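To start, the structure under review is shown below, and the notes come after it.
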Amino acid sequence: MDLQLLGKRAIVTGGSAGIGIKIARRFALEGIDTAVCSRSLERASAAIASMNLEGGGRLLPVQVELRDADSVAAMVDHVAEEFGGVDILVNSGAEVSGNEPEDFGHISDEFVLRSFEDKFVGILRMSRAVVPHMKEAGFGRIINLAGHTSREAGAISAGARNSAVVNLTKVLSMELGRNGITVNAVHPFTTITDQLGGRLQRMAARRGRTPDEHLAAISERTSLGRLVTAEEIADFVAFLASPLSVALTGEVVALTGGVGDAVYF
């Protein structure tokens, strides 16, 4: 299927690792000029080199700090100048939950506030910066990665910030639809990425398990009996970024492999 993405222009925050790097790579393969964002320009450049791509869309390394409004505005202006505009925004840049305990006995005010500014406010800032370019083009796609913790109990900060992102997704979809801009979110569950090993060790240790035991336990929760890969999420995000997805806006799609219960791991 031709997704009609050739020549589109995208920004992927968190594009140097995890799910973000796979989305950026898939975009480039579809012929999208893609800005790969990281807090470190060196990491963004290294991520592009690791993709080992020839041809396809242009890959542009950029540095941005989502907690700094001026940094966000400057980065988007730079990308728009380099590419001649911005059509697609993927908000994947935020600290991944599970690295620190977020239960009631351990969560701190500082952690929650930092987490919200990193993800929720960061998405708001990014959207505010790209929407004028999308309105000018009469086309836009904003795709937010809102983790599955918004549907579960156990991770106070991650659940709250992801729930807030879901609400923001709906609000923006209603405000921007008449401008040709759709806004959707996806709920990844624990996903197979290059960074999963370290996260598994930390999460397993807090539950008195080995990493293999923890992987088996969370895989068993899915209908597939395995975890979804970052590449599989990137395939779906490419469809959401395309003109063919116009009928879908203001929605959240759970890309979990069919998680069937509500116990947080």
Side-chain angles (χ1 to χ4, degrees), residues 13-14 17-20 39 65-69 72 90-127 142-172 183-193 195-211 213-222 227-228 230 233 250-265:
T13 67
I19 296 172
R39 287 192 173 97
E65 172 52 69
L66 297 176
R67 298 174 195 156
D68 184 333
V72 169
V90 177
N91 287 305
S92 179
E95 183 179 353
V96 178
S97 62
N99 292 329
E100 297 184 36
E102 295 187 33
D103 59 286
F104 183 67
H106 292 90
I107 197 75
S108 68
D109 295 357
E110 293 75 19
F111 182 89
V112 173
L113 292 170
R114 185 177 75 247
S115 177
F116 257 80
E117 184 170 26
D118 191 34
K119 188 159 193 176
F120 177 81
V121 181
I123 289 174
L124 181 60
R125 287 171 175 156
M126 285 298 307
S127 300
I142 299 175
I143 302 152
N144 301 321
L145 269 68
H148 194 259
T149 50
S150 67
R151 300 187 176 193
E152 299 184 326
I156 290 175
S157 181
R161 72 178 187 175
N162 285 321
S163 297
V165 169
V166 169
N167 182 265
L168 179 62
T169 297
K170 189 66 175 181
V171 170
L172 293 180
V183 188
N184 290 290
V186 297
H187 276 330
F189 183 53
T190 305
T191 303
I192 297 176
T193 69
Q195 288 74 42
L196 180 59
R199 290 188 65 226
L200 277 177
Q201 289 182 339
R202 290 186 290 272
M203 291 187 291
R206 291 202 294 271
R207 293 159 179 82
R209 298 171 174 165
T210 68
E213 288 171 341
H214 189 63
L215 177 61
I218 57 180
S219 297
E220 186 62 27
R221 295 181 58 196
T222 71
L227 299 185
V228 171
I233 291 177
E251 301 297 341
V252 183
V253 181
L255 305 181
T256 65
V259 171
D261 61 74
V263 179
Y264 177 68
F265 283 88

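Bear in mind the structure is a predicted one, so any value in this text is a computation, not a measurement.
The shortest heavy-atom contact between Gly257 and Thr222 is O-CB, 3.6 Å. Minimum interatomic distance between Ser219 and Leu215 (heavy atoms only, all atoms of both residues): OG-O, 2.7 Å. When all heavy atoms are compared, the tightest approach of Ala230 to Thr191 is N-CG2, 3.5 Å. Of all heavy-atom pairs between Gly18 and Gln195, the closest is N-OE1, 2.9 Å.
Although no hydrogens or angles enter the test, the distance criterion places a donor-acceptor pair under 3.5 Å between the side chain of His187 and the main chain of Ala146. In this structure a side-chain-to-backbone donor-acceptor pair under 3.5 Å is missing from Glu251 to Asn184. Between the Glu213 side chain and the Thr210 main chain, a donor and an acceptor come within less than 3.5 Å of each other. Within the 3.5 Å criterion, the main-chain N or O of Gly93 finds a donor-acceptor partner in the side chain of Thr13.
Here Arg67 pairs with Asp118 under the salt bridge (charged side-chain N to carboxylate O under 4.0 Å, His left out) rule; sequence neighbours left out.
The line from CG of Leu227 to CZ of Phe189 is 7.0 Å long, rounded to the nearest 0.5 Å. Atom CG of residue Leu124 and atom CZ of residue Phe116 lie 12.5 Å apart, to the nearest 0.5 angstrom.
The closest side-chain donor-acceptor pair between Asn162 and Lys119 falls under 3.5 angstrom.
Arg125 and Glu117 are joined by a salt bridge, as a carboxylate oxygen and a charged side-chain nitrogen come within less than 4.0 angstrom of each other.
A side chain to side chain contact (heavy atoms under 4.5 Å, CB included) with Val165 is found for one member of Ile123, Leu145, Asn91 and no other, namely Ile123.
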